[in-house]
Amino acid sequence: MELRTRALQVLLIADPATKALAARALQEALSDPNTASLDTAARLHTDAPLPGRPDRPRLMPALQVGSRSPFTVEGRAALLHAIAHIEFNAINLALDAVWRFPDMPRAFYLDWLKVAAEEAFHFTLLSEHLATLGRSYGDFDAHDGLWAMARRTDGDVLARMALVPRTLEARGLDATPPLQAKFAKAGDARAVEILDIILRDEVGHVRIGNHWYRHLCRERGLDPVALYPQLVAQYQAPRLRPPFNLAARTDAGFSDEELAYLNE
């Protein structure tokens, strides 16, 4: 099994539960060099539509996705579903980084295979909790913001690292503590526990994005701080809005200068 080829195959899987299991199995395959290889130079291609995903949820513009209050069972399920949708997309984004971008160091691919497996675990936890509320993934509308940025950055790994893990996914570091407070107030201790796991792991994922963004900037002789706002403008990334989880962002490897940029 060649791991980048297999990452593309897993990305094409439409069923979310099957994809999550396959993503975790891909990470486990790394432990057996006799059955798994990694071709960092391969230039892979597919004509299949990406990513593989189910017919539901229905994808809507972000402003048309209904508001979600955790203080009713239905509202709590809708909010959990929104988080599960983010995690499902995060599986896809990590797998896409593995197969799409050749000629990166071996550690790059190992990092994103690890991220894919952890995102799959998060999705599974959320799906199981949704089931206790009588709901499943696909029952509520969702939006496609994360994958839209993946499409915009599919031609440049540096832009992908700048604007997906360390921009869009970093928003989760800011959003998680307020979400936990809402779930706690609603009496959903399990949701709070799951978000603890997600926040812990997402700090590591954003740190990986920061590491490879800076690595690529060094290779190209670019200033990562000065370049970032140029990429935001070029790729129409959303401007981040407070409040910011500065402690988590610091743990994830953002510099003081980068944190100051958030408040400009």
Side-chain angles (χ1 to χ4, degrees), residues 4-16 19-20 22-23 26 42-65 81-104 108-109 111-113 115-116 118-120 122-123 137-138 140-172 175 202 205-206 208-210 212-213 216-217 220 222 227-240:
R4 291 182 58 225
T5 301
R6 180 57 183 157
L8 175 57
Q9 293 169 348
V10 176
L11 179 61
L12 290 167
I13 295 172
D15 179 71
K19 175 173 283 181
L26 197 54
R43 278 158 171 76
L44 306 177
H45 175 75
T46 181
D47 291 321
L50 294 173
R53 54 186 166 195
D55 294 334
R56 300 168 60 242
R58 183 175 60 166
L59 298 178
M60 308 285 288
L63 294 177
Q64 293 182 25
V65 177
H81 183 277
I83 303 167
H85 181 67
I86 291 169
E87 298 302 315
F88 179 67
N89 272 282
I91 301 170
N92 291 328
L93 289 163
L95 293 170
D96 194 72
V98 171
W99 86 266
R100 183 176 297 280
F101 301 114
D103 300 325
M104 292 293 289
F108 174 88
Y109 305 104
D111 277 349
W112 289 108
L113 287 169
V115 171
E118 290 178 351
E119 304 290 17
H122 301 164
F123 177 81
Y137 179 64
F140 298 91
D141 292 342
H143 68 82
D144 202 28
L146 277 171
W147 191 257
M149 184 57 71
R151 287 195 297 269
R152 286 182 220 159
T153 57
D154 62 9
D156 187 355
V157 63
L158 187 153
R160 174 68 65 85
M161 294 297 103
L163 299 176
V164 174
R166 67 190 305 275
T167 299
L168 298 186
E169 293 188 64
R171 296 171 81 174
E202 293 299 339
H205 301 171
V206 176
I208 287 168
N210 270 320
W212 291 111
Y213 172 66
L216 288 157
C217 284
R220 300 184 192 185
L222 299 168
L227 178 64
Y228 179 73
Q230 298 173 31
L231 294 172
V232 168
Q234 179 180 349
Y235 291 93
Q236 302 176 323
R239 183 61 189 267
L240 303 181

side-chain hydrogen bond (donor to acceptor under 3.5 Å, both in side chains) involving D55 - partner list, sequence neighbours excluded: none

Full working for side-chain contact (heavy atoms from CB on, under 4.5 Å) between T153 and M161: CA-CA 9 Å; T153 57; M161 294 297 103; over 6 Å; no

Go through the steps to decide whether Y213 and L158 satisfy the test side-chain contact (heavy atoms from CB on, under 4.5 Å), and finish with yes or no. CA-CA 6 Å; Y213 172 66; L158 187 153; 3.8 Å; yes

Does H205 reach the main-chain N or O of P165 with its side chain, forming a donor-acceptor pair under 3.5 Å? no

Looking at every non-hydrogen atom in both residues, tell me the closest pair between D154 and R100 and how far apart they are. O-CD, 3.4 Å

Above 12 or not: heavy atoms from other molecules or residues under 6.0 Å from CZ of R58? no

Using modelled atom types and a 3.5 Å cut-off, is there a donor and acceptor pairing between side-chain atoms of R152 and backbone atoms of Q236? yes

On a heavy-atom basis, the closest approach of R171 and P238 is NH1-CG, 3.4 Å

Under a 3.5 Å threshold, yes or no: a donor from one side chain and an acceptor from the other, between H45 and D47? yes

I86: what forms a side chain to side chain contact (heavy atoms under 4.5 Å, CB included) with it, not counting sequence neighbours? L146

H122: side-chain hydrogen bond (donor to acceptor under 3.5 Å, both in side chains) partners, not counting sequence neighbours: E87, E119, D201

How many angstroms lie between atom CG of N92 and atom CG of L12, to the nearest 0.5 angstrom? 9.5 Å

Do L93 and W112 come close enough that some side-chain heavy atom pair is under 4.5 Å? no

Could you please spell out the steps behind the side-chain contact (heavy atoms from CB on, under 4.5 Å) verdict for F101 and D156? CA-CA 8 Å; F101 301 114; D156 187 355; 6.0 Å; no

Which atom pair, heavy atoms only, marks the closest approach of L231 to A162? CD1-CB, 3.6 Å

For a quick test of reading the model, state the closest non-hydrogen atom pair linking L168 to G145 and the distance between them. CD1-O, 4.2 Å

Over all heavy atoms of both residues, which pair between P16 and P54 is shortest? Give the atoms and the distance, please. CG-CG, 3.7 Å

Smallest separation among heavy atoms of G138 and H81, with atom names: N-NE2, 2.8 Å

Test: salt bridge (Lys or Arg N to Asp or Glu O under 4.0 Å). Region: residues 6-16. Which pairs qualify, not counting sequence neighbours? none

Residue that, paired with F108, satisfies side-chain contact (heavy atoms from CB on, under 4.5 Å) out of L113, V157, I208, L216: V157

Pairing residues for D144 by the salt bridge (charged side-chain N to carboxylate O under 4.0 Å, His left out) criterion, not counting sequence neighbours: R53, R151

Please walk me through it: do Y235 and T167 pass side-chain contact (heavy atoms from CB on, under 4.5 Å)? CA-CA 12 Å; Y235 291 93; T167 299; over 6 Å; no

Check whether K19 reaches the backbone of L11 with its side chain - one donor and one acceptor, N or O, closer than 3.5 Å. yes

So, using ring-ring contact (aromatic ring centres under 6.0 Å, His included) as the criterion, who are the partners of Y109 when residues are at least two apart? none

Do D111 and W212 meet the criterion of a side-chain donor-acceptor pair at a distance under 3.5 Å? yes

Quick one: does any side-chain atom of N89 pair with a main-chain N or O of H85 as donor and acceptor, under 3.5 Å? yes

